[in-house]
Every structure is written in C-alpha cells, then in structure tokens.
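Only one structure is covered here, and it is reproduced in the block below.
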Amino acid sequence: MTQVRSNFRGLRACLLLPGDSNREVLERTLTRLGLEVTAMPPAEAGAGATRQGFDVVFVDADQDFERLPQDIPHVALIGIEAPSRLARVIRAHAAAVLPKPVRVAGVFSALFFAVNVHGIRQRDQQQRMALQRRADGRRVLIKAIIALMQSGAMTDDEAYGLLRKEAMRRRIPVETYAAELVAGESQTPPSPDEAGQCRGRG
C-alpha cells in the first residue's frame with residue numbers, strides 16, 4: 001500500500017517567487033504548517049535549490065523559470081491558464097499547481113499533492129530501474145548459459161547449475177557471476193564431467 005504523508009513539519013520550502021502578496025501569503029501559511037521557509041529571487045531557480053537541501057520548491061509558472069531537477073518536488077503557481085503556460089508546467093514535471101492569487105485555503109492541498117505525488121513518482125522510477133536491472137541480468141545469464149553449452153557440451157540445466165553453484169560458492173548473485181563470465185573477468189567453471197574426472201584422480 002502506498003504511504004501518504006500529511007505532516008510536513010520540518011520540511012524546508014524554497015519560494016522562487018517575486019516579492020509580492022502571493023509570496024507573502026504562501027510564506028505565512030507554510031510557516032504555520034511547520035515548514036522552514038526560504039525565499040529567493042526566481043533568477044536563482046535550478047540546481048541550486050537542490051544543492052541547498054530543500055524538500056519542496058514553489059515557482060511562478062507565469063514567468064520563465066529553469067526546469068528544476070527531478071529529485072525534488074515543486075509546485076507551480078498559475079495565474080493565467082493559457083495553454084502555453086500550462087504546457088510549461090507539464091514539461092517541468094510539476095507535482096502540483098496552486099492558483100493565483102494565492103489563498104490560505106489551497107496551500108495545504110498543493111503541498112500535500114506535491115510531496116505525495118513526487119514520492120509515488122520516485123518509487124515508480126525505482127521499481128522500473130529494478131525491473132530493468134533484473135531484465136539485463138537475465139539477458140546476461142542466458143548468454144553465459146549458451147556459452148557454457150557450446151564450450152562444454154552440456155544441457156541448459158547443467159549450465160545453469162554450474163553457474164548457480166559457482167555463484168553460491170563465491171556468495172554473489174548468479175547474474176553477477178554470469179556478467180563476469182561473459183565479460184571474461186572470471187574463469188569458466190569445470191563441467192560436470194571435468195569435475196568428476198578431477199575427483200577420480202584425487
């Protein structure tokens with residue numbers, strides 16, 4: 001089940017907004033919600049917000065702003081619902097929007113969606129990356145099995161058994177050992193016949 005956060009006390013908010021009434025209302029409301037608020041000129045938008053350790057960033061979509069890094073959620077303030085400005089918000093991957101003029105009533109909802117939608121996006125990306133790594137590992141494993149079958153005249157089950165046994169001996173994942181084998185970083189394990197001959201001589 002997806003965990004939903006509703007307590008934002010202690011988070012650091014960055015307001016990349018001009019010094020107008022919208023920023024004043026937003027700053028007061030976020031402070032009451034327990035956030036640490038820092039305001040800075042829109043010209044300082046970008047990677048600097050992330051480098052300074054902010055947890056959420058508010059930007060004005062009615063002005064040009066640099067696309068922010070995707071490792072931090074941001075809320076876009078919108079005053080004019082022109083398609084071009086809405087498209088800018090979409091391209092920037094904003095996690096929530098807040099209509100202008102900013103009113104106290106909408107701030108918590110925007111913050112709630114920004115933090116939680118961003119969290120869901122991050123978890124989904126991590127799952128996709130894990131699946132991709134697993135798929136890559138499977139492809140390498142198949143290559144290693146085929147290589148063993150061709151070099152040792154064995155079945156696919158025997159080849160996989162050799163890979164698994166050697167990986168267990170080394171205490172590493174079988175996919176990791178297969179990758180080393182395919183890259184030539186590890187020696188080919190002895191086939192069942194070779195292993196039997198070695199035991200017989202011993």
Side-chain angles (χ1 to χ4, degrees), residues 1-140:
M1 178 181 292
T2 301
Q3 294 183 347
V4 177
R5 181 172 183 171
S6 59
N7 186 344
F8 308 109
R9 288 187 175 278
L11 294 188
R12 296 189 60 198
C14 177
L15 311 185
L16 293 172
L17 304 169
D20 55 16
S21 60
N22 291 310
R23 193 176 82 178
E24 293 175 1
V25 172
L26 190 55
E27 188 169 2
R28 287 199 307 268
T29 307
L30 292 174
T31 301
R32 290 173 184 170
L33 291 172
L35 283 77
E36 300 177 16
V37 182
T38 299
M40 61 178 66
E44 297 184 17
T50 301
R51 287 196 298 269
Q52 296 183 41
F54 292 111
D55 302 298
V56 60
V57 176
F58 291 77
V59 296
D60 192 337
D62 293 331
Q63 300 183 9
D64 290 332
F65 64 91
E66 182 181 340
R67 180 171 172 174
L68 298 172
Q70 296 306 299
D71 58 351
I72 182 171
H74 49 285
V75 180
L77 276 63
I78 299 179
I80 301 176
E81 296 180 330
S84 59
R85 298 187 183 183
L86 295 175
R88 183 189 305 164
V89 173
I90 293 295
R91 287 193 294 268
H93 298 285
V97 296
L98 184 61
K100 294 192 299 185
V102 175
R103 304 183 186 281
V104 174
V107 174
F108 179 80
S109 295
L111 179 63
F112 182 90
F113 278 102
V115 172
N116 287 292
V117 168
H118 178 75
I120 291 173
R121 288 176 178 174
Q122 293 292 91
R123 287 190 291 272
D124 288 345
Q125 182 179 10
Q126 291 171 1
Q127 291 176 355
R128 288 194 298 271
M129 291 175 63
L131 289 173
Q132 185 61 51
R133 287 194 298 269
R134 188 178 303 172
D136 292 342
R138 290 298 178 185
R139 284 195 289 268
V140 173

Fill in the blank from the handout: salt bridge (charged side-chain N to carboxylate O under 4.0 Å, His left out) filter on R85, not counting sequence neighbours, yields D62
Problem - F113: ring-ring contact (aromatic ring centres under 6.0 Å, His included) partners, not counting sequence neighbours - result: none
Handout entry: CG on L35 to CZ on F54, rounded to 0.5 Å
Key = 11.5 Å
Problem - Smallest separation among heavy atoms of V57 and I72, with atom names - result: CG2-CD1, 3.5 Å
Completion exercise
d(R88 CZ, Q63 CD) to nearest 0.5 Å is 9.0 Å
Exercise for the section: State, to 0.1 Å, how close N116 and R5 come at their nearest heavy-atom pair, and which atoms those are. Expected result: OD1-N, 2.6 Å
Problem - Residue list, salt bridge (charged side-chain N to carboxylate O under 4.0 Å, His left out) with R139, at least two apart or on another chain - result: D136
Under 3.5 Å, which donor-acceptor pairs do the side chains of residues 7-14 form with other protein atoms, sequence neighbours left out?
{"residue": "N7", "atom": "OD1", "partner": "R9", "partner atom": "N", "Å": "3.0"}
{"residue": "R12", "atom": "NH1", "partner": "Q52", "partner atom": "O", "Å": "2.7"}

Completion exercise
Heavy atoms of L98 and G106 approach each other most closely as CD1-O, 3.4 Å
Fill in the blank from the handout: Here the gap from L77 atom CG to D60 atom CG, rounded to the nearest 0.5 Å, amounts to 6.0 Å
Side-chain polar contacts of residues 26-33 - donor-acceptor pairs under 3.5 angstrom, sequence neighbours left out - could you list them?
{"residue": "T29", "atom": "OG1", "partner": "V25", "partner atom": "O", "Å": "2.7"}
{"residue": "T31", "atom": "OG1", "partner": "E27", "partner atom": "O", "Å": "2.7"}

Handout entry: Between CG on residue N22 and CZ on residue F58, distance to nearest 0.5 Å
Key = 12.0 Å
Completion exercise
Between Q3 and R123, the two heavy atoms sitting closest are O-NH2, 3.7 Å
Practice task
Give the minimum heavy-atom separation between A96 and A114, together with the two atoms involved.
Solution key: CB-N, 3.7 Å
Practice task
State which residues pass side-chain contact (heavy atoms from CB on, under 4.5 Å) with P99; sequence neighbours excluded, sorted by chain then number.
Solution key: none
Exercise for the section: Please check if atom CZ in R134 has more than 12 non-hydrogen atoms from other residues, nucleotides or ligands closer than 6.0 Å. Expected result: no
Exercise for the section: Could you tell me which non-hydrogen atom of H93 sits nearest to which non-hydrogen atom of R121, and how far apart they are? Expected result: O-NH1, 2.8 Å
Practice task
Just jot down the side-chain contact (heavy atoms from CB on, under 4.5 Å) partners of P83, sequence neighbours excluded, or say none.
Solution key: none
Fill in the blank from the handout: Here the gap from K100 atom NZ to D20 atom CG, rounded to the nearest 0.5 Å, amounts to 7.0 Å
